[in-house]
Amino acid sequence: MPDNSLPPLPEGASAIPPVPQLHPAPPYPGAPRYEPQPNVAPQPNVAPQPPARKSRTGLIVGISIAAAVVVAGGAGLAVAGASISASVAPDTQVERFLQNLVDGRAEEALAVMGEEPVGLLTDEAYAASANHITAFAVAQPKTTGDTSTVTAEITQGGTSYTQQFVLNKSAKSFVVFDTWQLEPLPLGAVDVQVQGPPGLALQIDGNAVDLGGGTSLRAFPGDYEVAVVDEGELFDAEPATANVVGLSDDAAGSVATAAVTTTLTEAGAAAARSAVDAYVDGCVAQPSLKPDNCGFEARAQDGITYSNIRWSLTVRPTLSFGGWAQDGWTVTTETAGTVDVVADSVDGAGRPGSSGTTISNYRPAGEISIVDQAVVFTPSLLSF
């Protein structure tokens with residue numbers, strides 16, 4: 001008989017097969033299906049915890065960073081504002097003006113005063129001059145209303161002096177900052193005096209200059225040498241230097257005179273001597289007891305009539321030529337000359353005769369000038 005018994009179960013196995021999990025059908029069409037939820041293990045009985053406190057560290061750091069940005073931004077604006085304010089302050093304008101002069105920028109210094117280059121107030125003329133401002137110290141401005149006064153101590157060569165500057169409020173920069181305009185300074189001047197023929201061409205420090213009919217030119221502090229251009233063979237011209245000290249025409253030394261002197265050369269003196277000799281010879285040639293424009297005469301006696309008057313130069317005067325006077329180089333006599341005169345005479349009774357006299361101290365004098373390249377003697381009439 002066959003054995004229908006089942007084999008023994010392995011240890012731990014169940015004799016009942018597992019029942020498959022069924023999903024209940026929806027109670028009506030379209031009803032939602034609910035999936036079974038996994039089993040959740042029961043939680044132990046734990047006391048409820050209070051909610052965690054939010055950290056304030058991040059908030060504080062954020063606020064600090066924002067505050068730092070605001071402070072830094074404000075500081076930046078303050079620094080920028082202070083910088084702008086300082087750049088347009090009255091004392092800054094004075095410092096800029098003086099530093100331009102120290103650095104040789106005459107035209108930029110003029111621009112600070114609102115002026116244009118002219119005459120000696122150019123970079124070229126200023127660069128050619130010497131003994132400029134070398135240092136300065138500017139005091140704090142004193143401001144009243146729309147006017148500010150700044151005082152500076154200035155060093156020029158071995159000289160120090162004080163200069164006052166006046167500035168006027170002119171506008172605003174960036175809406176809120178006052179700007180100041182330096183009032184033009186009178187400045188010093190080079191007063192040119194040429195002791196020589198009129199109309200000579202001049203140079204100042206090698207640069208041609210036009211006085212414009214006057215004798216002076218405004219100038220910044222410095223030494224300016226005035227010279228005659230191409231004086232020619234008849235005279236020499238000695239250059240002269242004007243030392244302008246200061247920036248105001250009322251300051252001592254700010255208006256400086258350059259007196260160019262001229263003297264006759266040997267050729268000029270020879271030409272002058274010939275001109276005087278020709279004058280004397282012309283006087284001696286006149287048949288008159290009182291030659292015209294000569295400064296000497298023979299006095300007639302009452303009742304005597306003179307004719308055939310004849311002058312002769314027995315001793316020619318020697319001459320000396322000096323510096324330029326009002327209209328020419330001076331002429332003086334070193335040793336006197338002698339002139340004689342003789343004439344035919346008739347007295348009141350009709351008796352003829354001969355008369356004569358001698359002038360032994362004849363000293364012609366006057367001035368020598370040059371007119372149209374010719375040497376001319378102009379006498380100063382003295383009676384002998």
Checklist entry - Taking all non-hydrogen atoms of both residues, which atom of V315 and which atom of L313 are closest, and how far apart? => result O-CD1, 3.3 Å

Using residues 328-335 as the side-chain source, report each donor-acceptor pair under 3.5 Å to any protein atom, sequence neighbours left out, with the distance given to one decimal.
residue : atom : partner : partner atom : Å
W329    : NE1  : T262    : O            : 3.2
W329    : NE1  : T262    : OG1          : 3.2
T330    : OG1  : G322    : N            : 3.3
T333    : OG1  : P364    : O            : 2.6
T335    : OG1  : T318    : OG1          : 2.4

Checklist outcome for this item: Closest heavy-atom pair, Q286 versus D292, reported as atoms and distance to 0.1 Å, is OE1-N, 2.7 Å

Item to check | In one Ile/Leu/Val/Met/Phe/Trp/Tyr side-chain cluster, 4.5 Å: L120, M113 | outcome: yes

Checklist entry - Are any side-chain N or O atoms of D123 and backbone N or O atoms of E107, one a donor and one an acceptor, separated by less than 3.5 Å? => result yes

Item to check | Over all atoms of both residues, closest heavy-atom pair of Y161 and G246 | outcome: OH-N, 3.4 Å

Item to check | Nearest heavy-atom neighbours spanning V341 and I309 | outcome: CG2-CG2, 3.7 Å

Checklist entry - Do L319 and V280 belong together in a cluster built from hydrophobic side chains that touch within less than 4.5 Å? => result yes

Next on the checklist: Heavy-atom count check: over 12 atoms from other residues, nucleotides or ligands less than 6.0 Å from E124 CD?
Outcome noted: no

Next on the checklist: Test side chain to side chain contact (heavy atoms under 4.5 Å, CB included) on E183 and N168; report intermediate values, then the result.
Outcome noted: CA-CA 7 Å; E183 280 192 358; N168 295 314; 2.8 Å; yes

Item to check | Derivation and outcome, side chain to side chain contact (heavy atoms under 4.5 Å, CB included), residues D236 and E231 | outcome: CA-CA 6 Å; D236 290 327; E231 57 266 34; 4.2 Å; yes

Item to check | Check against side chain to side chain contact (heavy atoms under 4.5 Å, CB included), T147 and V166 | outcome: CA-CA 7 Å; T147 301; V166 177; 3.9 Å; yes

Item to check | Ionic contact status for R316 with D277, cut-off 4.0 Å | outcome: yes

Checklist entry - In Å, rounded to the nearest 0.5 Å, how long is the span from NZ of K169 to OG of S148? => result 9.5 Å

Item to check | Non-hydrogen side-chain atoms of L98 and L247 separated by less than 4.5 Å | outcome: yes

Next on the checklist: Please check: side-chain N/O of E233 versus main-chain N/O of A267, any donor-acceptor pairing under 3.5 Å?
Outcome noted: no

Next on the checklist: Tell me if a side-chain donor or acceptor on H132 pairs with a main-chain N or O of F220 at a distance below 3.5 Å.
Outcome noted: no

Checklist entry - With sequence neighbours left out, which residue pairs that include part of residues 192-204 fulfil the side chain to side chain donor-acceptor pair (under 3.5 Å) condition? => result D191-Q193

Checklist entry - Can any side-chain N or O of D103 pair as donor or acceptor with the backbone N or O of R105 at less than 3.5 Å? => result no

Next on the checklist: Between R310 and N308, is there a side-chain heavy-atom distance shorter than 4.5 Å?
Outcome noted: yes

Checklist entry - CG/D210 to CG/L202 distance, rounded to the nearest 0.5 angstrom? => result 9.5 Å

Checklist entry - Does F136 reach the side chain of F97, with side-chain heavy atoms less than 4.5 Å apart? => result no

Item to check | Flag, side chain of D223 to backbone of A130, donor-acceptor distance under 3.5 Å | outcome: no

Item to check | Minimal non-hydrogen separation, Q156 against N131, with atom names | outcome: NE2-O, 3.1 Å

Checklist entry - Is it true that F321 and L234 fall in one hydrophobic cluster, defined by side-chain heavy atoms closer than 4.5 Å? => result yes

Next on the checklist: Ignoring hydrogens and geometry beyond distance, is a side-chain donor-acceptor pair present between T179 and S170 at under 3.5 Å?
Outcome noted: yes

Checklist entry - Between the side chains of Q93 and R96, does any donor sit under 3.5 Å from an acceptor? => result yes

Checklist entry - Hey, does Q301 have a side-chain heavy atom less than 4.5 Å from the side chain of Y306? => result yes

Item to check | pair V138-F165: side-chain heavy atoms closer than 4.5 Å | outcome: no

Checklist entry - Less than 4.5 Å apart, any side-chain heavy atom of V190 and any of V226? => result yes

Next on the checklist: To check you understand the geometry: which heavy-atom pair defines the closest contact between S254 and S248, and what is its length?
Outcome noted: OG-O, 2.5 Å

Item to check | Q181 (side chain) donor-acceptor with V112 (main chain) under 3.5 angstrom | outcome: yes

Next on the checklist: With heavy-atom distances below 4.5 Å as the criterion, would you say the side chains of Q164 and T162 are in contact?
Outcome noted: no

Checklist entry - From T92 OG1 over to L182 CG, what is the distance, rounded to the nearest 0.5 angstrom? => result 12.0 Å

Checklist entry - What pairs with E115 under salt bridge (Lys or Arg N to Asp or Glu O under 4.0 Å), at least two apart in sequence or on another chain? => result R218

Item to check | T358 side chain to D340 side chain, donor-acceptor N/O pair below 3.5 angstrom | outcome: yes

Item to check | From CD (E367) to OG1 (T378), nearest 0.5 Å | outcome: 7.0 Å

Item to check | side chain to side chain contact (heavy atoms under 4.5 Å, CB included) assessment of T143 paired with T149 | outcome: CA-CA 6 Å; T143 303; T149 302; over 6 Å; no

Item to check | T122 side chain to V118 backbone, donor-acceptor under 3.5 Å | outcome: no

Next on the checklist: Using only atom types and a distance under 3.5 Å, with no angle test, would you say the side chain of S312 pairs donor to acceptor with the backbone of T314?
Outcome noted: no

Next on the checklist: Are F296 and Y279 connected into the same hydrophobic cluster when the rule is that any two of I, L, V, M, F, W, Y join if their side-chain heavy atoms are below 4.5 Å apart?
Outcome noted: yes

Item to check | Close side-chain approach of I368 to V376, heavy-atom, < 4.5 Å | outcome: no

